[in-house]
Amino acid sequence: MTIMASSTAIRPEREWNIGWTDVGPFVALIVLMLIGFLINPDFLSATNLANVITRSAFIAIIAVGATFVISSGGLDLSVGSMAAFITGITILFMNRMAAEWGMMAIPAGMMVAIVVGFLCGLMNGLIVTIGRIEPFIATLGTMGIFRALITYMSDGGSIPIDRSLRDAYRPVYFGTLAGIPLPIIISVAVAAVASFILYKMKYGRKCAAVGANEDVARYSGISIIKTRTIAYAIQGTCVAVAAICYVPRLGAATPTTGVLWELQVITAVVIGGTALRGGKGHVWGTVAGAVILELIANLMVLSDFVSEYLVAGVQGVIIIIAMLIQRFSK
Amino acid sequence: MTIMASSTAIRPEREWNIGWTDVGPFVALIVLMLIGFLINPDFLSATNLANVITRSAFIAIIAVGATFVISSGGLDLSVGSMAAFITGITILFMNRMAAEWGMMAIPAGMMVAIVVGFLCGLMNGLIVTIGRIEPFIATLGTMGIFRALITYMSDGGSIPIDRSLRDAYRPVYFGTLAGIPLPIIISVAVAAVASFILYKMKYGRKCAAVGANEDVARYSGISIIKTRTIAYAIQGTCVAVAAICYVPRLGAATPTTGVLWELQVITAVVIGGTALRGGKGHVWGTVAGAVILELIANLMVLSDFVSEYLVAGVQGVIIIIAMLIQRFSK
Amino acid sequence: MSSVLRMEREGEIDMAAEPLRHSILRAEGVSKQYGSVTVLSDVTLDILPGEIHAIIGENGAGKSTFMRLLSGYIEPTAGTLALNGEHVRFAKPEQAQDAGIALVHQEILLAEALTVAENLFLGRELMRNGVVDDRTMLRLATEKLAELGCLVSPNALVRNIALADRQLVQIARALLDDYRIVIFDEPTAVLAGDEVERLLAIILQLKKQGAAVLYISHRLDEVQRLADKVTVLRDGKKIGTYPGRTLTQMDMARLMVGRDLAALYPEKRTKAAGEAMLTVRDLSVPGFAKNVSFQVHKSEILGFAGMIGAGRTELFEGIMGLRPATGTIELEGKPINIRSPRAVLDAGIGYLTEDRKGKGLLLHERLAPNLTLSALARFHPGIFLRRSREQDALRAAVEQYDIRLKSFGVKAGQLSGGNQQKLLLAKVLLITPSVVVIDEPTRGIDIANKAQIYAFIQGLVAEGKACIVISSEMQELIGLCDRILVMRQGRLRGEVSGEAMTEHNVALLATSDAAADGNVGGTK
Amino acid sequence: DKKVVAVSIPAADHGWTAGIVYHAQAAAKEINAAFPNVEVIVKTSPSASAQVSALEDLSAGRKLDALVILPYTSEELTTPVKAVKDAGTFITVVDRGLNDSSIQDLYLAGDNIAVGRNTAKFLIDRLEGKGNLVVLRGIPTVIDDERIKGFQDAIQGTDLKVLDIQYANWNSDEAFKLMQDYLAKYPQIDAVWANDDDMLLGVLEAVKQSGRKDIKLALGGNGMKDIVKKVIDGDAMTPVETPYPPAMIKTAIYMTVANIVGQAPVRGTVKLDAPLITQENAKEYYFPDSPF
Ligand SMILES: Nc1ncnc2c1ncn2[C@@H]1O[C@H](COP(=O)(O)OP(=O)(O)OP(=O)(O)O)[C@@H](O)[C@H]1O
Ligand SMILES: Nc1ncnc2c1ncn2[C@@H]1O[C@H](COP(=O)(O)OP(=O)(O)OP(=O)(O)O)[C@@H](O)[C@H]1O
Ligand SMILES: [Mg+2]
Ligand SMILES: [Mg+2]
């Protein structure tokens, strides 16, 4: 009888999370690496790749957070200055505590960073959800606020980390585990956790639903305010993690720390295949996106034929081409 | 038919065209002016107001263009560097022609500016529509390109306008007509034309429709590609007009000209009541938004109690508060 | 079976006998495939002027696809179209429109951010000396809508008007110009009483004016009243074209389904309803409903009748915590916080929205995530979701509600209208509520599945659940419910039950103030 | 009534400008305390056009007796400053000259060309006139331009080879990345010059990480306290430093005030050149409590 007939005829669902959007960024990544190699063989040298990928860690980690915010239909322009602010707070705290607690000041400082980051994100979230302000404007505002705070804390100068702590802390950026630089391991870990939350837990579904259609989400008993606020809180926490890896790199927070990171972050997310209007998020794509950006910058320096004046332009062109490749090789 | 009659009686229909979104920005504007006056009476002095409003002309003009792009569901991050690029081209052209054509070089240069602006906008539009790339990424790319070009044209230095032209050109910014500074008149004119296009012509409807719901637009026989591309072209032309007024003010184009204008522009549009996700555009609100931003900056200079380091922060706070006022005084 | 087969052959109109010359639009062996999925195969059809031609078929039979194909929204993968004998190809809807073909979509396609008038004239604004002529457009809009009995202001944002009103606006779009071929794809699905009557009148008017009308509906009574010819589709194939008058509704049903059908409405249980399950007191939804109080009991099916705009939907949206509302509700004596939708759902009240596309389903999402969205809690035993469990749930739902789909990979938006409705029903019942509120349960559902859904609702109450049915189809309410509450202008006007449950009484309460609030059947 | 002295300077967007802001505010505090009849107002601007706006606002607000300005760029500020001048204000220009020198009453010139030149000279005799260099430049502006120009002119004709020049936006992060890439690209680098000390910090970090031994010298410029400290401590890689002391703004403000309170009428041009800071004279360029 018809029911049986039709339902047996149905072909099973392909495992849904391997569409083009998921491989696209990686294809682009590989293409880029090949081009890079042709331009300058040093490009694929272990040290160079290690350096580049390690550098991309900050953006990657922050962008993973941004994947939540954007997937839930939000946007966060404040991440760059938030990173600077958190770095500043953390260093000040560690320096203060170094005297009494010695090395213990470092883990303590890390905790502080996480807490501050979480709170900053929460603030952003509440302004956007409770305050019902366009995310773009709200976070543009907080961006200014964080930037001002770090400038104020540092008198416009820089907040260097205490000499006594520097060497103990240094490994967090420069150290390696089984030959792999720590920041890479950390960012992979962050991405792994994120993809679990996004693809294997309730919250992830809620995020995507809120981003895709607020009404449907509401009618399914999902609280838009809660979901989106949490997304911002996650973003804040990711920024904190990035800040923690960042401190040992230059050992100081300055008013210029993290300038324009927000643009790189959003670019990474979009290159990664997550739509700015919200919906399903692509964590691993985002990570690939972050690496791609850093590789392009690296390529600019390693190749000789780009006038220093034109670097920005060529980068722009490459990004656009990368996107086009993604689109049309579909 | 009783039910209908009374059922409409149950719920009076709010009509959009006199909605809060349209008065909101102006209320915020007035509130701001009052506060300013309390802080420093000079604030409302004729000269100061004239200065501020004149100054806001650039952002206002560009933001009017952005109202089209955003209303049609797009976004343009390249306006700032596009302005720099156009200014550069124009000045180079004028200087070159000054020798043969004398003063005629100025109107000629203006024409060039308009044409270049139109083409830049067109390019953005095509990349976004034909190339089907997220506007954010596409225009971030062209932003880099324009910035690189101006840096290249100026060898990283600056492109000053020829002395012989300076004085003849000066009035375009500093001149007045019937006591009103020219830039103000120009921006009002631009806004008037824009609101005519947006509210009185077919194209305006198409723009709003495309921004509001692409499927509906397509099914109504509206070409999304054409509509959105035109929006970007309009944006480009507006940038050109702004650039024309800009030249005499600073008399040179540098690689730092117009940095971060894109953020101010988008902020102005959103404060003006146009939603970033697209839909109806509010030209006059946008103009108000631009003035508000400039007023806030001006307020920072006139008020003596804000630490130099915190200016950015205070601006952020004020913007957020302004938005909150708009939201909740509804 | 045999009786059906015989009908299929004998009942059919002999096309050869039909004079082909004045057929204005002819589809010649058209097929449509999506990837490897064949949705429509080798359909041939002639459309004659001054004739109302009904297309009927089960959910997913391919009706909407066929209509989109005739009006240029999609192109056939095989076959051709001929306009007045000349071969035509519609690459874009405009081309079809220029050829005089208009389609009223099954799903509502309006820009919510624009006003009613702007939507009506979208893409073909009237101009006066180079400027959009708003005054005239507003006038025309008001007139056209009034003809359809829709009184929303043309300046209202579409976002703020009810579904029914939206549908009327959409219909008005197709009536603005005088098209030669007007296609209605389930226009009455969201309409009730008066609107339907008005629409049918207008359609007959079109016929008089010599236009050809294609009419799709699952309300076979309408088909019977209107259709000169009836064409039946089954699984994308054309079964045949039959003279409208001679077919009974049962014949149509048989032809659609390909087998004999049991009675539409299940036998009503005689045993009295149990004790109170849900109690609502003085519930008010500002602007929509005032001081509504009622009770629904265990194993009871309670109906809510009323004209469009009576505020039934808003009343229950209020109860579900989806709109600001005041008042108290108790479930089995326990008060429930109606501030948060989650709380109400968890308490065990399920609500199926009347707006499946806007508020029910994520159209760009796959089926499983849609199905489980409001019941995620039960799909992660630990902290992680179990994809496998979801897939099982989906398979079960597809079986149980006979959701017709060609592949589990499709997105919800790619399901046919009726199948979307079934998926939504499955989604709501997945939280195993003890009180189920169904707003327009069979909107866009074909007759065979209606029977299934009714039987299913019976099953629910048999398990001791309570069920509330909001419907604009009175027969549905009368056939299904134990009691019917009638709303008008946001207030409860009365209750009918038992013998008193007649269309006449319900209509009386729903419309006229004269029936001084419900001396028909005991009023509360 | 009070005499008003307006100070218009760039906002603190990197170390050096931060130093400017710091010293300007310090001067303002001291003077406002010391001279009851003088009021010094400090205003920072994040961009050239913002600075023009600030000038308009300041002069629209009140009558200015004197203006001390560190212009973003020469071209863009010339006309606006002239406008202020025409209102009868005493004009002190600091560091970057305007296109029309007739405008200024007093001019404290920092010498960016010299910064480049002196650094280059030092490198030349340290490396005996030959070797591979990489250079990091800042943001495309006049300062940056002049320093690079001074540097390149000075190494003309020597065997010092500039392998690469790229922008790092006076930002230590970007300098760090850029230096990493330089190191990856060039197997043999003898010396690095970052035309600002913020960037030098990043460079040093990158060199340290790479563990490369070929880099003999890494020089900066601007006289940031951390770097001056290195010089004092006789650091091998950074033995010298070229000052470009933000303190010049303080001097300028004092001289201006001296003018309008009519003590010592100072006019004309004061050229602060950029002598090499070496271990011997380093002490006098070391301000531990300045943020820079
Ligand atoms: N874009 C698509 N991709 C894949 N399958 C599709 C697509 N669009 C429609 N279908 C399938 O085509 C079949 C017919 O759909 P159609 O909407 O024409 O049915 P229908 O007769 O209108 O049913 P209903 O009465 O429920 O509206 C359905 O099985 C549907 O899943
Ligand atoms: N968001 C809204 N804003 C303003 N008015 C609305 C809104 N939604 C619905 N309405 C109005 O409320 C009235 C009641 O809505 P609705 O038609 O859904 O009630 P109903 O009794 O459920 O009718 P039905 O369910 O048959 O459509 C509608 O006539 C519509 O005009
Ligand atoms: Mg259909
Ligand atoms: Mg309803």
Side-chain angles (χ1 to χ4, degrees), chain B residues 1-22 70-73 193 195-227 273-282, chain C residues 73 92-95 97-98 103 105 107-116 118-119 121-125 127 130-134 146 149-162 165 173 193-194 286-290 306-311 314 488-490 510-513:
Chain B
M1 167 75 211
T2 43
I3 298 107
M4 278 317 174
S6 44
S7 77
T8 36
I10 293 185
R11 60 196 77 73
E13 297 291 359
R14 282 175 267 79
E15 303 204 354
W16 63 268
N17 43 7
I18 46 168
W20 170 264
T21 18
D22 301 82
I70 292 177
S71 141
S72 76
V193 174
S195 59
F196 182 81
I197 297 177
L198 213 47
Y199 306 130
K200 288 267 159 258
M201 288 174 59
K202 263 196 163 85
Y203 176 73
R205 297 293 159 86
K206 294 184 181 176
C207 224
V210 170
N213 183 333
E214 292 197 4
D215 290 337
V216 173
R218 196 177 300 108
Y219 280 7
S220 311
I222 296 171
S223 155
I224 290 161
I225 293 190
K226 213 187 293 168
T227 311
T274 307
L276 263 182
R277 83 193 72 80
K280 260 204 189 58
H282 298 269
Chain C
Y73 288 94
K92 298 209 240 75
E94 301 94 285
Q95 296 174 349
Q97 276 171 22
D98 299 343
L103 168 64
H105 289 269
E107 57 277 357
I108 290 183
L109 280 165
L110 298 172
E112 297 204 335
L114 304 189
T115 69
V116 168
E118 285 168 332
N119 269 285
F121 288 89
L122 198 53
R124 38 184 186 165
E125 290 79 7
M127 307 295 284
V131 174
V132 287
D133 184 357
D134 276 311
C150 167
L151 293 197
V152 295
S153 148
N155 277 326
L157 284 184
V158 166
R159 180 181 297 120
N160 297 336
I161 69 174
D165 299 323
R173 256 185 82 87
D194 309 335
F288 299 105
K290 279 201 196 54
M307 306 303 294
I308 306 288
E314 285 72 13
R488 185 171 79 250
Q489 298 171 28
T511 53
S512 72
D513 306 287

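These figures come from a predicted structure and were not determined experimentally. Every chain is numbered from 1 and lettered A, B, ... according to where its sequence line falls, protein lines coming before strand lines.
Within the 4.5 angstrom heavy-atom criterion, no atom of B:Lys206 approaches chain C. Heavy atoms closer than 4.5 Å to chain B are found in the side chain of C:Gln97, but not in its backbone.
The choice from B:Gly279, B:Ala209, B:Ala208 that makes the most heavy-atom pairs within less than 4.5 Å of chain C is B:Ala209. Among the candidates B:Val216, B:Ile222, B:Asn213, the residue making the largest number of heavy-atom pairs closer than 4.5 Å to chain C is B:Val216. Here C:Leu110 is the residue among C:Asp133, C:Leu110, C:Asn119 with the most heavy-atom pairs under 4.5 Å with chain B. Contact count versus chain B (heavy atoms, under 4.5 Å) is highest, among C:Leu103, C:Val132, C:Asp134, for C:Val132.
In plain terms, the two heavy atoms of C:Glu94 and B:Gly221 that are nearest each other are CD-CA, 3.3 Å. Between C:Ala113 and B:Lys280, the closest heavy-atom pair is O-NZ, 3.9 Å.
By the 30° and 60° cut-offs, the orientation of the rings of B:Tyr219 relative to C:His105 is parallel.
Here the OG atom belonging to B:Ser223 is positioned 8.5 Å from the NZ atom belonging to C:Lys92, to the nearest 0.5 angstrom. Separating the CG atom in C:Leu109 from the CG atom in B:Asp215 is a distance of 7.0 Å, to the nearest 0.5 Å. Atom NZ of residue B:Lys200 and atom CE of residue C:Met127 lie 10.5 Å apart, to the nearest 0.5 angstrom.
The number of heavy-atom neighbours closer than 6.0 Å to NZ of B:Lys202, taken from other residues, nucleotides and ligands shown, is above 12.
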